[in-house]
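Some notes on the structure that comes next.
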Amino acid sequence: MAKDLFNRYIWLVDTIYRAKRITFEEINERWLRNEMSEGIDLPLRTFHNHRKAIEEIFDILIECDKQDSYRYYIENADDMEKGNVRNWLLNTFAVNNLINESHKLKSRILFEEIPSGREYLTPIIEAMRDNLTLEISYKSYWREEAYTFNIEPYCVKIFKQRWYLLGKSTSHDELRTYGLDRIQHLQILDIPFKYPKDFNPKDYYHHAFGIITDQNIQPAFITVKVNKGQVNYLKGLPLHHSQEEIEVAEDHSLFRYYVAPTFDFLQAILAYGENMEVISPAFFRSEAREIAKQQYQHYKK
């Protein structure tokens with residue numbers, strides 16, 4: 001299955017990364033201790049196929065030092081933390097093989113569930129790599145029936161425990177975002193497309209809070225007042241990469257963001273309740289006030 005193959009790639013990267021240098025025999029020994037192996041050895045040919053796929057998909061180079069007893073190592077290990085994909089691989093799955101090797105620990109390590117899982121990640125990434133169109137059957141939250149369409153996959157993004165696919169809809173000729181947890185069926189078509197050389201996913205989402213983008217909503221400076229008790233939490237986990245603390249008082253701090261003032265960003269602010277207040281711009285403060293009024297009407301009954 002695609003999901004199992006993706007897990008194998010992650011396991012192999014993490015195993016070699018933690019070992020620094022390791023022989024194939026040692027890799028196989030650790031593989032046999034992992035549940036994915038089902039007690040079956042890792043074929044050398046499969047190992048090399050995985051190496052090639054990892055390089056193509058994640059730009060992680062697994063090399064062999066023949067002068068050091070044929071030990072394998074990650075050539076660009078020093079750069080791994082610098083890349084978002086590589087960093088995600090390590091941060092999310094660094095303990096994956098340890099858990100599988102230590103069955104007794106499974107009930108003592110708790111993770112947040114991701115509804116979309118990783119079932120469709122591998123075929124989507126393969127389609128992005130080969131610039132091939134995807135056919136997707138999709139069940140939106142706003143429709144009673146699923147519908148099928150073609151999309152040219154540009155990038156994938158994870159946000160609030162959900163995976164999303166951004167791509168160009170061939171029928172609407174525009175970029176659209178789809179949640180992987182709402183995909184009912186997906187297949188790669190033998191229809192190539194040209195990925196725009198001037199398109200940069202990171203730049204596309206640079207001023208977005210999450211996955212909502214709207215060409216009609218321009219980024220703006222947004223200032224919020226945060227009660228003292230929540231300041232350190234916000235410093236530890238910023239709402240947006242543009243976050244900066246611009247004023248410190250005895251009982252609060254002011255934080256400023258340069259971000260698109262979309263509804264999802266407003267929701268994130270309102271989630272802090274009385275501990276966070278929109279100061280400016282005026283229209284965004286007004287929107288927050290109206291939602292707060294509606295909430296008050298619900299709770300005063």
Side-chain angles (χ1 to χ4, degrees), residues 91-92 107-117 138-147 157-166 176-184 204-301:
N91 290 341
T92 308
S107 63
R108 296 165 56 189
I109 302 176
L110 309 178
F111 293 95
E112 290 186 331
E113 292 293 330
I114 298 181
S116 61
Y138 193 78
K139 175 89 167 48
S140 168
Y141 289 148
W142 321 116
R143 292 193 179 194
E144 293 185 0
E145 301 293 334
Y147 60 104
K157 177 181 174 67
I158 193 169
F159 179 66
K160 289 187 178 296
Q161 300 173 249
R162 295 181 188 274
W163 279 103
Y164 294 90
L165 165 65
L166 172 70
R176 294 197 170 188
T177 303
Y178 302 93
L180 268 61
D181 56 311
R182 279 150 270 175
I183 295 177
Q184 296 190 341
Y204 182 80
Y205 285 109
H206 187 72
H207 296 305
F209 170 67
I211 52 93
I212 296 179
T213 58
D214 189 332
Q215 299 301 319
N216 297 318
I217 301 178
Q218 297 301 311
F221 284 107
I222 296 175
T223 302
V224 298
K225 178 182 177 182
V226 181
N227 289 349
K228 183 179 180 180
Q230 295 294 315
V231 168
N232 287 332
Y233 287 100
L234 207 59
K235 288 181 178 180
L237 187 62
L239 283 180
H240 187 256
H241 62 79
S242 64
Q243 175 176 299
E244 57 178 335
E245 189 175 19
I246 60 174
E247 182 180 311
V248 179
E250 184 176 347
D251 61 346
H252 72 271
S253 284
L254 293 183
F255 287 87
R256 184 172 64 184
Y257 305 87
Y258 190 64
V259 61
T262 51
F263 180 67
D264 56 348
F265 186 56
L266 184 56
Q267 282 184 314
I269 293 173
L270 293 173
Y272 278 82
E274 72 278 6
N275 293 306
M276 189 177 293
E277 174 188 354
V278 177
I279 302 300
S280 65
F283 78 88
F284 205 54
R285 178 178 174 86
S286 178
E287 290 180 19
R289 183 191 302 115
E290 288 303 313
I291 294 177
K293 285 182 179 179
Q294 294 174 20
Q295 290 178 325
Y296 172 72
Q297 291 301 321
H298 286 304
Y299 284 104
K300 82 171 189 175
K301 296 178 182 178

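These values consider heavy atoms only, across backbone and side chains, with no hydrogens, waters or symmetry-generated copies. Since the structure is predicted, the reported quantities are computational estimates derived from the model, not experimental observations.
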Problem set entry | From Y138, Y141, W163, residue fulfilling ring-ring contact (aromatic ring centres under 6.0 Å, His included) relative to Y178 | Y138
For this session: Using the test salt bridge (charged side-chain N to carboxylate O under 4.0 Å, His left out), find all partners of E245 that sit at least two apart in sequence or belong to another chain.
Result: K235
Exercise. What pair of heavy atoms forms the shortest contact from L165 to L180, and how long is it?
Worked result: N-CD1, 3.7 Å
For this session: Using a 4.5 Å cut-off on heavy atoms from C-beta on, say whether the side chain of S280 contacts that of I222.
Result: no
For this session: Spell out, as yes or no, whether a donor-acceptor pair under 3.5 Å connects the side chain of H252 to the backbone of E247.
Result: no
For this session: Taking the side chain as every heavy atom from C-beta outward, state whether K157 and I211 have any atom pair closer than 4.5 Å.
Result: yes
For this session: Starting at CD1 of I279, measure out to NZ of K225 and round the result to the nearest 0.5 Å.
Result: 6.0 Å
Exercise. Does the separation of the ring centres of F209 and Y257 fall below 6.0 angstrom?
Worked result: no
Problem set entry | Any V224 side-chain heavy atom under 4.5 Å of Y272 side chain | no
Exercise. Does L237 CG have over 12 foreign heavy atoms under 6.0 Å away?
Worked result: no
Exercise. What do the steps show when you test I291 against F263 for side-chain contact (heavy atoms from CB on, under 4.5 Å), and what is the final call?
Worked result: CA-CA 11 Å; I291 294 177; F263 180 67; 3.8 Å; yes
For this session: Indicate the atoms forming the closest heavy-atom contact of Q184 with K139, along with that distance.
Result: NE2-CB, 3.4 Å
Problem set entry | F283 atom CZ: more than 12 heavy-atom contacts under 6.0 Å | yes
Seminar exercise, completed: Looking only at heavy atoms, the pair that brings A208 and V259 closest together is C-CG2, 4.1 Å
Seminar exercise, completed: Interatomic distance, OH@Y204 vs OG1@T177, rounded to 0.5 Å, equals 5.5 Å
Exercise. How many angstroms lie between atom CZ of R143 and atom CZ of R182, to the nearest 0.5 angstrom?
Worked result: 13.0 Å
Seminar exercise, completed: Output for pair (D181 CG, Y164 OH), nearest 0.5 Å, gives 6.5 Å
Problem set entry | Aromatic ring proximity H240/H207, centre distance under 6.0 Å | no
For this session: Taking the side chain as every heavy atom from C-beta outward, state whether L266 and P261 have any atom pair closer than 4.5 Å.
Result: no
For this session: Return the minimal non-hydrogen interatomic distance between Y147 and S140, and the atom names on each side.
Result: CE2-CB, 4.4 Å
Exercise. Within the distance-only criterion (no hydrogens, no angle test), does the side chain of Q230 pair as donor or acceptor with the backbone N or O of V226 below 3.5 angstrom?
Worked result: no
Problem set entry | Qualifying salt bridge (charged side-chain N to carboxylate O under 4.0 Å, His left out) pairs, either residue in residues 278-290, two or more places apart | E277-R285, E290-K293
For this session: Check whether any side-chain heavy atom of F255 sits under 4.5 Å from a side-chain heavy atom of L239, and report yes or no.
Result: no
Problem set entry | Check: D214 side chain, N216 main-chain N or O, donor-acceptor pair, under 3.5 Å | yes
Problem set entry | Summary of salt bridge (charged side-chain N to carboxylate O under 4.0 Å, His left out) pairs that have at least one residue in residues 256-271, sequence neighbours excluded | E244-R256
Seminar exercise, completed: Closest non-hydrogen atoms of P238 and Q243, given as atom of the first, atom of the second and distance, are CA-OE1, 3.3 Å
